[in-house]
Structure formats: structure tokens, C-alpha cells
Amino acid sequence: MNSSVLVINCGSSSIKYALIPAAADQPRLAGIAERLGSSDAFLKGIDSRGERFEKALLPGVDHTRALEAILEHLEGHRPAAVGHRVVHGGERFTRAARIDDEVIATIEATAALAPLHNPANLEGVAATCKLFPDLPQVAVFDTAFHQSLPPQAFRYALPEALYRDHGIRRYGFHGTSHAFVSERADALGGIEGGWLTAHLGNGCSTCAVWEGRSLDTSMGLTPLEGLVMGTRSGDVDPSLHAHLARQLGWSLERIDEVLNRGSGLLGLSGLTNDMRELEVAASEGHENARLAIEVFCYRIAKSLAALSCALPRLDGIVFTGGIGENSPLVREKVVSHLPHFGLGLDRTVNAQTVRGREGRIDGGHPAAPRLWVIPTDEEGRIAEETRQLLDETTP
Ligand code: ADP
């Protein structure tokens, strides 16, 4: 299939979109509709001339109306298919799936595992089906890439019935990003290697990839497990919930809210979840901003060291996501915590590899694991998986 794919990533109050042409050198139309359902909903994006636009949407606008507004900005381009990012595919989906009633029912049934995400993703599916009844729609799951984890990596040490009857296990997320950057690292190195990938954005996760397969990852049943994130705590003592409930009288809702939205870089610094602002504040002497960055980087290194156990051989580490692609400081600190990996770091190249540049920052010693900065392309990957599936299944 060599026409464009419309990629949709629907949240409860937002829709990110990107029209991905088949040819990589063609411009992408992309943008985001935000604050849907509120009185100050808006749509902003980039047109085919690369120019930015922003406009207000009607108060209370729903997903279907917002998608109609988005279509007006596609400048007459008609996609050949729609690829949806769907967060949780449970154990059922090991790869992308063409959306039909059965697939929708399975995504609905998995909503208990991702109550914030899957219902919102399905709203996007319903809206695009209404607007494009004839177009094939494909679901691409964040969890699918990690379905190759062996039981020793995906099982919690809990009673078996919790896994068997309730699906309580580690699933992992950010699969499209880890798949994209590890495949790119393979292509750059000319080998199918062993990579540790660190996706560091507002959400953060690490992954161990061997010969194109995910063997372990830092997120678990939900995207709260693992690294320190923008507003999420990552790993805490599992007894913390009981402690907060018993000692402070906190409700489950409050605990959930604090761990998901009031913790991480924001909670530690008491300032912001934005790494750019934290770096500035730390350089001006803000002690808690400095601490937030230190904890963030140490925990990434600790996670990478732990995940290295999954790999028969370590060929290198890949940094990606807004922080991984743009923060030489974070990359340098992470590397400094892993002296036993024998990593080198070229400080000059590290400092220059920002703002969407791909680059090898380890200095090139042949015996040392490589350090790559590879800008992720989740939308591109979703479009590619959509095309692949349709090519295979369309007669
Ligand atoms: P999301 O997970 O929402 O897609 P991104 O991948 O865009 O998020 O990452 C957002 C993070 O990237 C923010 O913490 C932001 O501060 C950080 N970031 C972006 N640019 C820089 C920069 N130049 N230096 C440090 N951090 C940056």
C-alpha cells in the first residue's frame, strides 16, 4: 500500500493526529486537538508548508467534531487507512490488528487494565469509523512489542490465580518507540544486536531488546511501574499504599492521584515536571531541582543495569524521547552511573546531539558498547505497521 495513513492517538480530552505519506521525504501534516469537552478547546498543528496554525474549537466539542475540524486541515488529502494507537492490548494482541467488532470488544474487555487510556482510544475509533466508514482501521498496541517477554520477566511473584483469572502480570508500554529505535540501532550498526533502550519523555521506560525482540522492560501491569517520570513515581515499596491508607487515612483515589500526577520530577522538585525548567533551576542553585535530576538519572542507570541481565550480549544503549533526545546532561549522568559497562562518552558530540539529531555519542572505541541518540517516531511506526498489516491481509 503506498498512500498515506492517518495516525490517531486519542486521549480522554485530546486527539493527536499525523497524516503520514508513504514516501519518507514527503511533508507530514500533524497536530493536536486539546481540552476537548471544555470551554477552551483548541486545535494546533503544522500544515504542508511547514507552517504552524492554531484555532479555537467550539466549547464542549466532542471527539467526532474535533476530528471533523482536523479533517479540514488535511488540505484535501484522503488517507488510505487509519492507524490508531491503542495503549493496552492485554495478552491477546502480539501485533497490530485490523479493527472489527471482535477487536473492539477485546479492547473494551482490556479496559480494566488501562481505564484512562483504552476507553479514550475507542472513542477515536468510533469517531473515525463514523467519518470514514469505508476506510480500513488498524489498532497498533503499546503492549504488543513486549508480548515476547519470557515468563520469568513478565510474572509477578504473586499467587498464580491472580495471573490466571485476572491477567495480573507485567505487560510493558511504549512498545512502538522501543521497537522503532532498536530496529534503527540494528540498521545503523549492521547487526541484529542486544540493545538497552531508554524512552525518556513525560512517561519513561527502559527495554532490553535482543535480535528485534523485547525480553524485558521497566513498566508493568500499568505504566506506573519502573522509572521516575514527569509526574509518576515509578517503583515504590508495594506496602506504601497500605501505609498511606492506614497511617494517613488516604483513600485509594488519592493515593492513585498522588502517585500518577503529583510525584516523579514534579513531586521531588516541588517545581515542575519539565526537564528543561529543572535544568535551569538546578543550575541556579535550586536544591530540590538538582535532587530530582539526580534521582531521575540514577534510577534510569539502575534500571538499565538490571535489564542488562536479559541480554546475552550488550551492543549498546539508545536514548530517545523528549529528554533522551535533548538532554546531554541527563545522558552524561546516566552513563556516569554505569562505569562497569565500560562506556565511553564523547562530550562534544553529546552536547551537539539535540533537537531531532541522530548521533553516536560514545566516541567510537571498537570494544565499548555503543551509545546512540535516536529520535523516536511513534507515528511513523504506527503508519508502517498499519501498512504492513493491510498489505498482508488485503487480497
Ligand atoms: P511525551 O511523553 O508527552 O511525548 P516528550 O517525549 O515530548 O513527552 O518529552 C517531554 C520532556 O522532554 C519534558 O520533560 C521536556 O522538558 C523534555 N525536553 C524537551 N526538550 C528538552 C531540552 N532541550 N532539554 C531537556 N529536556 C527537554
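Residue numbers run from 1 in the order of the sequence given. Only a predicted model underlies this, so the values are computations on that prediction, with no experimental measurement involved.
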Residue pair [X] / [Y], side-chain heavy-atom distance below 4.5 Å:
X	Y	result
Phe42	Lys44	yes
Asn121	Val87	yes
Arg184	Glu358	yes
Asn288	Leu268	no
Leu36	Asp62	no
Tyr17	Val82	no
Leu389	Asp391	no
Ile20	Gln26	no

Can you get from [X] to [Y] by hopping between Ile, Leu, Val, Met, Phe, Trp and Tyr side chains that sit under 4.5 Å apart?
X	Y	answer
Ile361	Leu200	yes
Leu307	Val209	no
Leu57	Ile15	yes
Leu345	Phe296	yes
Val236	Met229	no

Between the side chains of [X] and [Y], is a donor N or O closer than 3.5 angstrom to an acceptor N or O?
X	Y	value
Asp362	Trp372	no
His174	Thr217	no
Ser263	Ser233	no
Thr320	His199	no
Arg232	Asn260	no

Backbone N/O of [Y] and side chain of [X]: donor-acceptor pair under 3.5 Å:
X	Y	result
Asp142	Gly175	no
Arg357	Gln352	yes
Arg387	Ser3	yes
Ser327	Ile323	no
Asp235	Gly226	yes
His84	Val86	no
Thr128	Val125	yes
His337	Ile300	no
Arg290	Ala281	no

Nearest heavy atoms of [X] and [Y], plus distance in Å:
X	Y	result
Leu215	Ala153	O-CB, 3.6 Å
Thr143	Gly172	CG2-O, 3.2 Å
Ser214	Ser148	O-OG, 2.8 Å
Leu67	Gly124	CD1-O, 4.3 Å
Ser303	Ser218	OG-CB, 3.8 Å
Val61	Arg65	CG2-CB, 3.3 Å

Kindly confirm or rule out a cation-pi arrangement of Arg213 over Trp210, judged by NZ or CZ under 6.0 Å from the six-membered ring centre and within 45° of its axis? no
Evaluation steps, side-chain contact (heavy atoms from CB on, under 4.5 Å), between Leu278 and Thr272: CA-CA 7 Å; Leu278 285 176; Thr272 173; 3.8 Å; yes
As a quick check of understanding, evaluate side-chain contact (heavy atoms from CB on, under 4.5 Å) for Val138 and Val140, giving each step before the final call. CA-CA 6 Å; Val138 171; Val140 180; 4.2 Å; yes
Atom [atom1] of [X] with >12 non-hydrogen neighbours under 6.0 angstrom:
X	atom1	value
Arg246	CZ	no
Arg164	CZ	yes
Asp100	CG	yes
Lys130	NZ	no
Tyr163	OH	yes

Look up atom [atom1] in [X] and atom [atom2] in [Y], then write down how far apart they are to the nearest 0.5 Å.
X	Y	atom1	atom2	answer
Asn326	Met275	CG	CE	11.5 Å
Ile374	Thr197	CD1	OG1	9.5 Å
Met219	Thr206	CE	OG1	9.0 Å
Leu19	Leu29	CG	CG	5.5 Å
Asn9	Ile32	CG	CD1	8.0 Å
Glu225	Ser205	CD	OG	11.0 Å

Whether [Y] and [X] form a salt bridge (side-chain N of Lys/Arg under 4.0 Å from carboxylate O of Asp/Glu) is what I want to check.
X	Y	value
Glu325	Arg355	no
Arg85	Glu378	no
Asp47	Arg28	no
Glu385	Arg95	no
Asp256	Arg261	no

Between His88 and Phe173, is the ring centroid distance below 6.0 Å? yes
Do Tyr171 and His146 have ring centres separated by under 6.0 Å? no
Full working for side-chain contact (heavy atoms from CB on, under 4.5 Å) between Phe141 and Thr110: CA-CA 12 Å; Phe141 300 91; Thr110 316; over 6 Å; no
Could you go through the side-chain contact (heavy atoms from CB on, under 4.5 Å) check for Cys207 and Trp195 one step at a time? CA-CA 8 Å; Cys207 183; Trp195 302 104; over 6 Å; no
Please assess Glu183 against Arg381 for the test salt bridge (Lys or Arg N to Asp or Glu O under 4.0 Å), listing each intermediate value before the final yes or no. CA-CA 11 Å; Glu183 203 172 293; Arg381 175 82 190 190; 2.8 Å; yes
One pair to check against salt bridge (Lys or Arg N to Asp or Glu O under 4.0 Å): Arg35 and Asp40. What are the steps and the verdict? CA-CA 7 Å; Arg35 305 206 188 126; Asp40 51 0; 3.5 Å; yes
